[in-house]
Amino acid sequence: MKLIITLVLLITTLSVGCAQESKRYLKLKQNISYWEGYVLNRDSVKITGLVKDNLLNDTKKYSAVTFVQKDGTKLKLYPNTIKGYGYSSHNFISNGSSFLENVQHGRKLSLYKNVTVTSWSAGGAPGMAPMTHTNVKENFYVKRYNETVFKEVRKKNFKQDFSDYFKDCEELSNKILNEEYNHKDISKIVRKYNYCQ
C-alpha cells in the first residue's frame, strides 16, 4: 500500500512539474535569445526558468538580467535583488552593485570579470553632428571561497597588493614581487595558486 501511495505521489509531482511550463514559457523556450537557466534569490534558493541572453549588447548582462519563470512571468532582476544567475556555460554572481561573470573556477580561488561601457559626446566641426565615443573596459576580480569581498585586479600597485594577497603561496608571491608575473597574467596566477601546496 505504501508503495502505491508513493508511486501516485511521484507521478502527481512529475505531472504537476511538467504542467507548470505555461504557453508563453514554452514559446520563449524556442527563441534563440532565451536559454534555460537559473537565478539565485537572496536566500540562495535556485529557481529555474529562462534567461535572456543579450546577443546584441553583451555588456547588459553585467547590470541586469531578464528572467522568465515557468508560469510565463517575465522579471527584470538587478544585482541588489538576487545573488546570481546562470545559463549555458555562463555563471554570474552579484557583488551588490553589478554582476561578475565567473571566467575561471578554481578549488581555492576563482577569477571573475565585469565589463563596463562609458560613452561621451564631443562637438563636431561646424555643420557636423556631434561625435559619440564609447570605451569598453574589462575589469577582473578574484575571490577565495572563504572571502565575502571581491578583490579587483588593477595595474596600479599590482606587485605590492598581489604579492601580499598570495603570500600563502611563497613561490607565486615571489614571482609577482620579481615582476615575472603582472596584472595581465592574472589567469595564469589564479591557475597556479589553485594548485599551490
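Both backbone and side-chain heavy atoms feed into the values below; hydrogens, waters and symmetry mates do not.
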For residues [X] and [Y], determine if any side-chain heavy atom of one lies less than 4.5 Å from a side-chain heavy atom of the other.
| X | Y | answer |
| --- | --- | --- |
| N102 | S110 | yes |
| V68 | Y25 | yes |
| R24 | K74 | yes |
| R144 | Y193 | yes |
| Y78 | V65 | no |
| D164 | K167 | yes |
| T66 | L75 | no |

Between T116 and N139, does the side-chain contact (heavy atoms from CB on, under 4.5 Å) criterion hold? Intermediate values first, please.
CA-CA 8 Å; T116 55; N139 302 300; 3.6 Å; yes

Rounded distance (nearest 0.5 Å) linking atom [atom1] of [X] with atom [atom2] of [Y]:
| X | Y | atom1 | atom2 | answer |
| --- | --- | --- | --- | --- |
| L40 | I82 | CG | CD1 | 7.5 Å |
| F162 | S173 | CZ | OG | 12.0 Å |
| N182 | K159 | CG | NZ | 11.5 Å |
| S163 | N157 | OG | CG | 10.5 Å |
| E21 | Q69 | CD | CD | 13.0 Å |
| S97 | N80 | OG | CG | 9.0 Å |

Linked hydrophobic residues, I93 as query - side chain contacts closer than 4.5 Å:
L100, Y112, Y141, F150

Return yes when atom [atom1] of [X] has more than 12 non-hydrogen atoms of other residues, nucleotides or ligands closer than 6.0 Å, and no otherwise.
| X | atom1 | result |
| --- | --- | --- |
| R154 | CZ | no |
| E152 | CD | yes |
| K61 | NZ | yes |
| K192 | NZ | no |
| K143 | NZ | yes |
| Y195 | OH | no |
| K108 | NZ | yes |

Is there a path of hydrophobic side-chain contacts, each under 4.5 Å between heavy atoms of I, L, V, M, F, W or Y residues, that connects V115 with V51?
yes

Between F158 and L177, is there a shared hydrophobic cluster once you connect ILVMFWY residues whose side-chain heavy atoms come closer than 4.5 Å?
no

Identify the heavy atoms of [X] and [Y] that sit nearest to each other, and give their distance.
| X | Y | answer |
| --- | --- | --- |
| F92 | E101 | CE2-CB, 3.4 Å |
| K83 | R42 | CE-O, 3.2 Å |
| P79 | S94 | O-OG, 2.5 Å |
| D185 | E180 | OD2-O, 4.0 Å |
| Y165 | E147 | OH-OE1, 2.7 Å |
| I189 | L172 | O-CD2, 3.6 Å |

May I have the step-by-step check of side-chain contact (heavy atoms from CB on, under 4.5 Å) for F140 and N114, ending in yes or no?
CA-CA 6 Å; F140 289 93; N114 179 299; over 6 Å; no

Ring center gap for Y85 and F99 short of 6.0 angstrom
yes

Ring centres under 6.0 angstrom apart (Y87, Y34)
no

Show the numbers, then the answer: is there a side-chain contact (heavy atoms from CB on, under 4.5 Å) between N54 and T59?
CA-CA 8 Å; N54 291 299; T59 59; over 6 Å; no

Report yes or no: does S22 contribute a side-chain atom to a donor-acceptor pair with the main-chain N or O of G72 at less than 3.5 Å?
yes

When you look at E36 and L50, which way does the side-chain contact (heavy atoms from CB on, under 4.5 Å) test go after all the steps?
CA-CA 5 Å; E36 289 190 79; L50 298 175; 3.9 Å; yes

